[in-house]
Amino acid sequence: MSAQSLWGKVILYLREHNDRILHVMCGDIRDVEFDKDEFVISVKEDYVLNMLNDKTNIAELEKALLALNVKKFRIQKKQKQASNDENIAILNKFFDDSTKIID
């Protein structure tokens, strides 16, 4: 089962078990993946990370994932990706401002 399919089942589980706040919060999360045998949930905002890591919410997520046979998971802050301009600026520092983008 793909990580996205599993996450969809987790969201349905939360709705079916009347955990409305967690259901809505998790429904907005799209960045999920497997890292070996661990299910990884990546979030962009600090407040979402803090809410998911609340002991009540983490316990509910654990129940939902265990119901779907997932024993290991983690919630992490998604790292911001650098823009093309930021990447070029970094490369220019090492290559004396000679970086060019060729289409």
Side-chain angles (χ1 to χ4, degrees):
M1 175 183 320
S2 74
Q4 289 73 22
S5 295
L6 175 70
W7 190 240
K9 290 178 187 255
V10 168
I11 293 167
L12 285 174
Y13 176 96
L14 294 170
R15 185 181 73 188
E16 290 169 353
H17 289 84
N18 296 318
D19 198 334
R20 291 185 180 115
I21 293 172
L22 202 50
H23 170 258
V24 169
M25 191 178 354
C26 291
D28 290 337
I29 297 171
R30 300 281 181 260
D31 194 358
V32 293
E33 63 185 347
F34 285 105
D35 182 11
K36 298 176 184 146
D37 64 338
E38 186 174 43
F39 187 70
V40 181
I41 305 162
S42 298
V43 298
K44 295 177 187 173
E45 296 88 6
D46 287 328
Y47 76 92
V48 175
L49 181 67
N50 292 337
M51 288 180 73
L52 289 178
N53 279 321
D54 173 80
K55 66 180 180 177
T56 302
N57 291 336
I58 202 99
E60 291 304 315
L61 273 176
E62 186 174 13
K63 279 188 221 174
L65 287 162
L66 280 173
L68 297 164
N69 296 319
V70 175
K71 294 174 179 67
K72 290 177 64 178
F73 74 98
R74 78 174 182 268
I75 303 166
Q76 67 184 18
K77 175 85 185 277
K78 182 175 181 173
Q79 300 299 319
K80 179 186 170 203
Q81 293 182 347
S83 69
N84 285 340
D85 291 336
E86 292 168 327
N87 286 330
I88 291 169
I90 292 167
L91 289 170
N92 279 334
K93 287 180 184 178
F94 295 103
F95 296 105
D96 298 322
D97 293 326
S98 63
T99 305
K100 296 179 183 170
I101 303 296
I102 301 172
D103 288 327

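Taking the side chain to side chain donor-acceptor pair (under 3.5 Å) definition, one finds that Thr56 meets it with nothing, sequence neighbours left out. The side chain to side chain donor-acceptor pair (under 3.5 Å) search around Asn53 returns none, not counting sequence neighbours.
Val40 is not connected to Met25 by any chain of hydrophobic side-chain contacts under 4.5 Å among Ile, Leu, Val, Met, Phe, Trp and Tyr, and they are in different clusters. Using a 4.5 Å cut-off between side-chain heavy atoms of Ile, Leu, Val, Met, Phe, Trp and Tyr, with links allowed through other members, Leu65 and Met1 fall into the same hydrophobic cluster. Connection of Ile21 to Leu52 is established within a shared hydrophobic cluster, with ILVMFWY side chains joined at heavy-atom distances below 4.5 Å, either directly or through further cluster members. Hydrophobic clustering keeps Ile11 apart from Val24 (ILVMFWY residues linked when any side-chain heavy atoms are closer than 4.5 Å, directly or through intermediates).
Sequence neighbours left out, the pairs with a member in residues 61-70 that pass salt bridge (charged side-chain N to carboxylate O under 4.0 Å, His left out) are Glu60-Lys63. For residues 6-28, there are no salt bridge (charged side-chain N to carboxylate O under 4.0 Å, His left out) pairs, not counting sequence neighbours. Residue pairs satisfying the salt bridge (charged side-chain N to carboxylate O under 4.0 Å, His left out) criterion with at least one member in residues 45-58, sequence neighbours excluded, are listed as follows: Asp46-Lys77.
How far CD1 of Ile41 is from CZ of Arg30: 13.5 Å, rounded to the nearest 0.5 Å. Here CG of Leu61 is found 6.0 Å from CG of Leu14. Values are rounded to the nearest 0.5 Å. One distance of note links CE of Met51 with CG of Asn57; it measures 6.5 Å at 0.5 Å rounding.
In this structure the side chain of Cys26 reaches within 4.5 angstrom of the side chain of Trp7, judged on heavy atoms. At a threshold of 4.5 Å between non-hydrogen side-chain atoms, the residues Lys78 and Val43 do not count as touching.
Scanning all heavy atoms of the two residues, the minimum distance from Ala64 to Tyr13 falls at CB-CD2, 3.2 Å.
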Below 3.5 Å, can you tabulate the donor-acceptor pairs from side chains in residues 67-76 to any protein atom, sequence neighbours excluded?
from, atom 1, to, atom 2, distance (Å)
Arg74, NE, Gln76, OE1, 3.2
Arg74, NH1, Glu38, OE1, 2.3
Arg74, NH2, Gln76, OE1, 3.4
Gln76, NE2, Ser42, OG, 3.0

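Under a cut-off of 6.0 angstrom, the local environment of CG in Leu66 is crowded, with over 12 non-hydrogen atoms contributed by other residues, nucleotides or ligands.
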